[in-house]
Number of protein chains: 2
Amino acid sequence: MTSTPTAGKAGRRRDPEKGAQILQATLDVLAETDYADVTIELVAARAGAGRHAIYRRWEGKDELILAAIACTDSADLGPDGLPDTGTLRSDFLALLDPNWMGGSERRLRILSSVSAMITRTPGAVDAVIKAIVDPSTAAYRFLIQRAVDRGEYAPPHNLDALAQVIPSMAAYRAFFMQQVVDEEFMLSIIDGVVLAALREPSAANR
Amino acid sequence: MTSTPTAGKAGRRRDPEKGAQILQATLDVLAETDYADVTIELVAARAGAGRHAIYRRWEGKDELILAAIACTDSADLGPDGLPDTGTLRSDFLALLDPNWMGGSERRLRILSSVSAMITRTPGAVDAVIKAIVDPSTAAYRFLIQRAVDRGEYAPPHNLDALAQVIPSMAAYRAFFMQQVVDEEFMLSIIDGVVLAALREPSAANR
DNA sequence: CTAATACGGCACTACTCAGTGCCGCAATCG
DNA sequence: CGATTGCGGCACTGAGTAGTGCCGTATTAG
């Protein structure tokens, strides 16, 4: 990539907005169509840019998409963005709020679009794991651990496995079955699997 | 599709073997590469056939792949093909045998390759669900239900949700995380999630 | 001012690949 | 035998698209 002309001397400076707009447009297109249908032309048009503005910043299509994945917004999955309602079950239910579901749905769609890239492009797996998979798992791990810490449940046999239940099953349903991840489905997982696998704390743990 | 000349009169008869070989080759290629990399040329070469032998039998690429998905072998997931070891946990462990894992891995790879097609081609979702998703879920549902029937566990709160845990989490790991679905991972799901969510039967149920 | 760089828009090349037509040969029917 | 159809192999067309070059314009440093 050519360095920004700030270090040099003359010339029009590269618009910092454009880069962000292009990445956002890339994520938008990824969330709407499949990887194979993501054309540079489409991204450029969506960003109100020319193709050169893209190729000036990234080596090619794959680098662009990798960069876009890396800047997927997962702030809502951080400890500070997660609900804290007092009980684990109502924390889970709070995640059904459109406020969070919007981000989840978008991440799911991006995840599925990028899937075709995963087996092909080196680095794609790591980018996806870092930007989407890990934050999701970490969010559920955090909620469960907090419930355990407050004495709501006994420490589970395998926290990591439990934390992946909801992301996995939601992705499987949305992706391979093309069915909506609605409240009814989420409740069936929450009550039928996750909470069922957690035990009341023994007296010794209180 | 043109009808077989058996009803008519003259001409060389269409080789019934060829059709099967082409479908098998399609599945092989699907299991090895991505949907976008599945070219008719590649399938034809793998089947030892010409492109015409394919287009004579199917309308186009999508129809070929749909037909191939529909004939995915899931016989090992039928009630008669599943292990019966006496306990649910050892039934699950028996599924780790290469005998079953081979089929599972193949189905997973085909599932991931076809995923790009799911959002695009009408009928692809139904074909995938019927040939891969449903048989997998049904197999786990059968094993769990049998364990419940023999009094090993109490009837679960939501059998369908539990039956989808292993297929979902295995697919998520293999597909989005590109990590092997090995014995260690399976054990963490079996013990940490599925069996943890099942309860010992109460005295009244015995 | 001039030089250098960014920008959008357009045209162009290069490549892949689905689908078709043609050729020669093989099989099957009358 | 001749007509018809299946078959593999080859060449070809046409569509889609990644990537590049050029043009006129805008912005910035010296």
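Convention: sequence-line order gives letters A, B, ...; per-chain numbering from 1.
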For [X], give me all partners under side-chain contact (heavy atoms from CB on, under 4.5 Å), at least two apart in sequence or on another chain.
X: N99(A); answer: D97(A)
X: P156(A); answer: V148(A), L159(A), L162(A), L198(A)
X: F142(A); answer: P79(A), L82(A), R146(A)

Using the test salt bridge (Lys or Arg N to Asp or Glu O under 4.0 Å), find all partners of [X] that sit at least two apart in sequence or belong to another chain.
X: D134(A); result: none
X: E183(A); result: none
X: D191(A); result: R89(A)

Show the distances under 3.5 angstrom between N or O atoms of the protein and N or O atoms of nucleotides 11-14 of chain C.
from	atom 1	to	atom 2	distance (Å)
dA11(C)	N6	R51(A)	NH2	3.1

field: Partner set under side chain to side chain donor-acceptor pair (under 3.5 Å) for D37(A), not counting sequence neighbours
entry: R120(B)

Donor-acceptor pairs are to be reported for all side-chain atoms of residues 45-52 of chain A against protein atoms at under 3.5 Å, with residues two or more places apart or in another chain.
from	atom 1	to	atom 2	distance (Å)
R46(A)	NH1	E32(A)	OE2	3.2
R46(A)	NH2	E32(A)	OE1	3.0
R51(A)	NH1	E41(A)	OE1	2.2

- prompt: Quick one, which residues of residues 15-45 of chain B touch DNA chain D with a heavy atom under 4.0 Å?
  reply: D15(B), K18(B)

- request: With a 4.0 Å heavy-atom cut-off, tell me which residues in residues 110-118 of chain A come close to DNA chain D, sorted by residue number.
  value: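 By residue number: none to list.
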
- request: Report the residues that fulfil ring-ring contact (aromatic ring centres under 6.0 Å, His included) with F176(B), sequence neighbours left out, ordered by chain and then residue number.
  value: F175(A), Y172(B)

